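In what follows, chains are A, B, ... by sequence order, proteins preceding strands, each numbered from 1. A quick note: this is a predicted structure, and the numbers were derived from the prediction, not measured. In what follows, every heavy atom counts, from backbone to side chain, and hydrogens, waters and symmetry copies are set aside.
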Amino acid sequence: MKKINNADNFIRKIIDKDNESGKWGGRVHTRFPPEPNGYLHIGHAKSICLNFGLAIEYDGKCNLRFDDTNPLKEESEYVRSIIEDVSWLGFEWGNEPLYASDYFGQMHDFAVKLIQAGNAYVCDLDPDQVKLQRGTLKKPGINSPYRNRSIDENIDLFAKMRSGEFANGEKTLRAKIDMAHSNLNMRDPVMYRILHATHHRTGDDWCIYPMYDWAHGLEDSLEKITHSICTLEFEDHRPLYDWYLDQLETYHPQQIEFARLNLNYTVVSKRKLKRLVDDGFVEGWDDPRMPTISGLRRRGYTPESIRNFSEGVGVTKRDTVVDVAKLENSLRDDLNKRSPRVMAVLDPLKVVITNYPDNELEYVDAINNPEDESAGKRKLAFSKEIYIERNDFLEEPPKKFFRLSPGKEVRLKFAYYITCNEAIKDEKGKLIELRCTYDADTKGGRSEDGRKVRGTLHWVSVKENIKAEIRLYDRLFNNEHPEKNGDFIENINEESLKVIDNAVLERSLHLGASDLPYQFERTGYFKIDSKNSTPDKLVFNRAVSLRDSWARFNKKVG
RNA sequence: UGGGGCGUAGUAUAAUGGCAGUACACCUGGUUUUGGUCCAGGCAGUUGGGGUUCGAAUCCCUGCGCCCCAGCCA
C-alpha cells in the first residue's frame, strides 16, 4: 500500500526528530493494541490508520496486538472481527497477530523480580478497603498494613496466588511506590488480581491476571516498540509505565498521547454502542447506521474513504468533535471517481409515451462513469412505458423547478426528450400515470436544433427491469451531541431507516456484482446488503446521498 | 496552588519570531445529458490582559475557559 498522506502532525515531528538524533537507530515500530471485548469503530479506525500509516510511511513496522488481560470480558469472536476489520482497512502486520497473553510467563517473572527488589508486595486488603485507603484527589492515601511484608513472605504468597490457593479478590500484588503521590496511579497500584476464570487463549493456565498498567508497558517493551501511541487519558499513566520499566531496567518505548476521535450526531463508546444493540435500537453491531467498522462496511463505506478521512481529521492533543459531514464527504469523494452509475427509480411513477411504437424495445448507450472514461458504456432498454421518480413530476411546479410538469419538456437521460401532456389520477385523486410524447429526433438525449432542456431525469423501462428493496439510512441521532444532557437514547432519530420495497432498477443490476457501491443516478450511492440480499430479492443500502442543491434550495425557501 | 493535558474562522487542522493558509460546512456565479462532479469567487479565526521585540498565534508574566484522573476495567 502506498503512503497515505503528507500533512504534518506533532507525532511525525517527534519521529522526524528521533530519526535525526538517532534515538531509535532509525527504527519506527508502532502497534495497535485493541482489547478483544467488542467491535472496532471509527475511532479505532483513526488509531489504526495512524499507527499502521506511520509504519508504512517510515518504512517501519506496526504490530497488531490483542491486549487480552481480562478473561472476564474477552472473546475470540472479537479477535476474529478485529482481524477482519483491520485487514479490510487495508493493513498488514506480517505473520500472526500478537497477544498480551503470550507474555503472561514473562510478566510473571518480571513481577517476581520486582518483589525481590523490594518494590512489590502482596496485599490482603479487599477492594473497598483499598479504595478507602487510596485517599482522594486532594488528600494523600495511607499505607497498607501489608506493605512491609518481608521479601520472602511476598515471594511465597505470590507463588500461592499463582498456584490457586486463594479465592478471587482475596489478595493482590501491588507495586510499592508512594501512597501520598499526587498522581493517583502511583499510589501502590495493583499489578495482579486473582481471577479464577477461563481465558480465551490460555484456558485455565492462570488464575492471576496482570492489570493493564502493569502489562501494557511490558508488552510494548517486549516488542521493542519505539513509539507507543495512545489516547489522552493514559497521559497520567505514563509515569507509572516509566517507573515499572525503570525498576526493571529494561527496554523503554516512548509513549505519545493524542486526542481520540469524536463525531457529532454519533456515539462512539463501546458501552453505548452495546446498549443500542442489546436494546434493539439497531439490528446488530454491523447495522449500517452503526459507527462500527463492520457497520460502515455494510453501509457502503470503502477502506479508502475511511483512510482519507482519518488522515483528514489530523492528529493533535485537543479534545474535539469532527463534523460527521466530513466522513460523508470522504465517501462521496471516493465514490464519485470510482462508482459505476446506474438507473434506479426508488418511487416509481409510470409514464406512457403515447407516440412510441407499442411493442418496440430498443437499447440506448449509457455512460458508466463520466469521471472515468475507461469504465465504458452499457446498453439500457427503452420502451413505450417507463418509470420515472414520482417526485420528478409536479402538476403545479414552483419557480426553478426543472423537472416534469404539464406541457414541459425534459430529457430522459441517454434516451429522448419527452413532453408531458396529461396526468392521470385514480378516483381518490392520486396520480397514477403520466401521458407523454417523445421527440424521435432526440435519441441519445440531444437535439440537432440545440434547444435547451434543463431537466434531465433518470428512468427505467417497464419492459425490462428488476425490483429491489432499498434501505434509506440517515443519521442515527438527530442531536448534534447525543451524549450531552440526558440519555442519548432520547436523541435517536426515529427516521434513521426507511425501507422502500418497490424500487425498480435497470436490469444490469441483476447480479449486483460490483464490490463498490453503485451510484444510482441523481440519488446517491447504494451498496448491496451483505446480509439480507439474495439473488431473488436484492436489497440495497444507501451509503450516502448525493449532494442535493435543489433540496437545499427548497428547504431554504420553505 | 491535588496532579496531568488543551485553547487558531461554524467544525477540524497548518503556520515554531516574518503576508494567519488548507479541508469540511455555508453563500454567489459559471460549466454540465446527474439540481452530482468540476471551475471561479465569497463569508469567517489566533481565549482575555500585560510584557519582550523592528516584528508575536509562536517567547515571558498573569487571568479565563474546557477535558482527564480516586476499577482488583482497558
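Nucleic acid contact class of T316(A) (heavy atoms, under 4.0 Å, all strands): sugar-phosphate only. At the heavy-atom level, Q519(A) lies under 4.0 Å from base atoms of the strands shown. Note on P33(A): nothing from the nucleic acid sits closer than 4.0 angstrom, heavy atoms only. Nucleic acid contact class of K326(A) (heavy atoms, under 4.0 Å, all strands): base. Using a 4.0 Å heavy-atom distance criterion, Y416(A) is classed as making no nucleic acid contact. Within 4.0 Å of T320(A), counting heavy atoms only, lie sugar-phosphate atoms of the nucleic acid but no base atom. Base engagement by D126(A) is indicated by at least one non-hydrogen atom pair under 4.0 Å involving a base atom. Contacts of S549(A) with the nucleic acid, taken as non-hydrogen atoms under 4.0 Å apart, involve only primed sugar atoms and P, OP1 or OP2. Counting non-hydrogen atoms under 4.0 angstrom, R134(A) reaches the backbone sugars and phosphates but no base. Among the heavy atoms of the strands, none lies under 4.0 Å from H216(A). Nucleic acid contact for V321(A): sugar-phosphate only, since backbone atoms but no base atoms lie under 4.0 Å from a heavy atom of the residue.
Within the structure, side chain to side chain donor-acceptor pair (under 3.5 Å) contacts touching residues 159-169 of chain A (residues at least two apart or in different chains) are D156(A)-K160(A).
Contacts between residues 227-236 of chain A and RNA chain B, counted as heavy-atom distances below 4.0 Å, involve E233(A), F234(A), E235(A), D236(A). In the region residues 327-338 of chain A, proximity to RNA chain B at under 4.0 angstrom, judged on heavy atoms, holds for N329(A), N336(A). Of the residues in residues 35-47 of chain A, those with a non-hydrogen atom less than 4.0 angstrom from any atom of RNA chain B are E35(A).
You'll find the ring centres of Y244(A) and F110(A) outside the 6.0 Å limit.
Side-chain contact between P517(A) and L335(A) is present, with heavy atoms from C-beta onward closer than 4.5 Å.
Nearest approach of K377(A) to D365(A), heavy atoms of both residues: CD-CB, 4.4 Å.
Consecutive pairing runs in RNA chain B reach the stem threshold at B:2-7 with B:64-69, B:10-13 with B:21-24, B:26-30 with B:38-42, B:47-51 with B:59-63, where a stem means at least three Watson-Crick or G-U wobble pairs with distances under 3.5 Å.
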Atom pairs under 3.5 Å, N or O on each side, protein against nucleotides 40-44 of chain B: can you list them with distances?
none

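Checking G71(B), C26(B), A74(B) against every side-chain atom of D67(A), the shortest atom distance belongs to A74(B). Set against G3(B), A15(B), A74(B), the side chain of R193(A) has A74(B) as its closest nucleotide.
With centroids closer than 5.5 Å and planes inclined by less than 30 degrees as the test, F402(A) and the base of G35(B) pass as a stacked pair.
Following rounding to the nearest Å, D323(A) (CG) and U11(B) (C1') show an atom-to-atom distance of 6 Å.
In this model, a side-chain donor or acceptor of R403(A) finds a partner on the base of G35(B) within 3.5 Å. Judged by atom type and distance alone, R341(A) reaches the base of U34(B) through a side-chain donor-acceptor pair under 3.5 Å.
A donor-acceptor pair shorter than 3.5 Å cannot be found between the side chains of N37(A) and E74(A).
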